[in-house]
Amino acid sequence: MPGGKEKLVSATLNGSIYSTAGTSNTTYCYDPYSNTWSTKANIITARTWSAIGVLSDKLYVVGGFGSAAHTQNECYDPETNETIWPVSA
């Protein structure tokens, strides 16, 4: 992964590992077959102590903290490389 990151969350989807959130809003994708990292669409809000889950081939980042607790959730669609925000819980 390019650069040092902290407090991010990761999940696997379609054979790749996606990492996002933490102290940055950057989303990275690791392809183990080519052993490469790529940068994807940013999530809207950097957030620590969040959770990530996969549902219907999309990644959902929920909760977490910035200067206060985050109540808006986000959805990343790897097929379109877009982040949808806000997403209802």
Side-chain angles (χ1 to χ4, degrees):
M1 180 180 308
K5 308 295 173 224
E6 65 178 287
K7 299 178 183 166
L8 50 82
V9 291
S10 299
T12 59
L13 178 60
N14 298 327
S16 295
I17 301 170
Y18 290 84
S19 296
T20 193
T23 56
S24 164
N25 65 339
T26 307
T27 299
Y28 297 101
C29 178
Y30 177 70
D31 180 346
Y33 300 106
S34 63
N35 191 31
T36 57
W37 287 96
S38 58
T39 303
K40 300 298 181 181
N42 290 344
I43 62 169
I44 307 302
T45 309
R47 52 182 76 211
T48 59
W49 302 100
S50 60
I52 192 169
V54 177
L55 180 65
S56 299
D57 291 329
K58 293 179 177 60
L59 297 167
Y60 290 84
V61 179
V62 299
F65 295 90
S67 57
H70 288 291
T71 58
Q72 300 290 333
N73 304 313
E74 302 182 49
C75 173
Y76 172 74
D77 185 344
E79 188 156 323
T80 61
N81 191 36
E82 294 179 328
T83 299
I84 303 163
W85 179 86
V87 176
S88 298

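Please read all numbers here as calculations on a predicted model, not as lab measurements.
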- List in chain and number order the residues that pass side-chain hydrogen bond (donor to acceptor under 3.5 Å, both in side chains) with Asn35, two or more places apart in sequence or in another chain; answer none if no residue qualifies. Tyr30
- Item | For the student: nearest non-hydrogen atoms of Thr12 and Val54, plus distance | O-CG2, 3.6 Å
I'd like a table of donor-acceptor pairs (distance under 3.5 Å, sequence neighbours excluded) in which one partner is a side-chain atom from residues 79-87, with atom names and distances.
{"from": "Asn81", "atom 1": "OD1", "to": "Ala41", "atom 2": "N", "distance (Å)": "2.9"}
{"from": "Asn81", "atom 1": "OD1", "to": "Tyr76", "atom 2": "OH", "distance (Å)": "2.6"}
{"from": "Thr83", "atom 1": "OG1", "to": "Asn42", "atom 2": "O", "distance (Å)": "2.9"}

- Query: Can you name the residues that form a side-chain hydrogen bond (donor to acceptor under 3.5 Å, both in side chains) with Thr23, not counting sequence neighbours?
  - Reply: none
- Item | Given Leu59, Ile52, Leu8, the one that forms side-chain contact (heavy atoms from CB on, under 4.5 Å) with Thr20 | Ile52
- Message: Test of understanding: clusters of I, L, V, M, F, W, Y form through side-chain heavy atoms closer than 4.5 Å, transitively. Do Val9 and Tyr18 belong to the same one?
- Response: yes
- Message: Using the side-chain hydrogen bond (donor to acceptor under 3.5 Å, both in side chains) criterion, which residues pair with Ser67? Sequence neighbours excluded.
- Response: none
- Task: Measure the OG-CG distance between Ser16 and Asp31 for me, rounded to the nearest 0.5 Å.
- Result: 5.0 Å
- Query: Leu13 and Val61: same hydrophobic cluster, using ILVMFWY side-chain contacts below 4.5 Å?
  - Reply: yes
- Task: Check whether any side-chain N or O of Arg47 sits under 3.5 Å from a backbone N or O of His70 as a donor-acceptor pair, and report yes or no.
- Result: no
- In chain order, what residues pass the ring-ring contact (aromatic ring centres under 6.0 Å, His included) check against Trp49, with sequence neighbours excluded? none
- For Tyr60, what residues pass the side-chain hydrogen bond (donor to acceptor under 3.5 Å, both in side chains) criterion, not counting sequence neighbours? none
- May I ask you to decide if Thr45's main-chain N or O and Glu74's side chain share a donor-acceptor pair within less than 3.5 Å? yes
- Task: Could you please spell out the steps behind the side-chain contact (heavy atoms from CB on, under 4.5 Å) verdict for Asp57 and Asn14?
- Result: CA-CA 8 Å; Asp57 291 329; Asn14 298 327; 3.8 Å; yes
- Item | CD1-CG distance between Ile43 and Asn25, expressed to the nearest 0.5 angstrom | 6.0 Å
- What are the two closest non-hydrogen atoms of Ser10 and Ser19, and how far apart are they? OG-OG, 2.6 Å
- Message: As an exercise, state the distance from NZ of Lys7 to OG of Ser50, rounded to the nearest 0.5 Å.
- Response: 11.5 Å
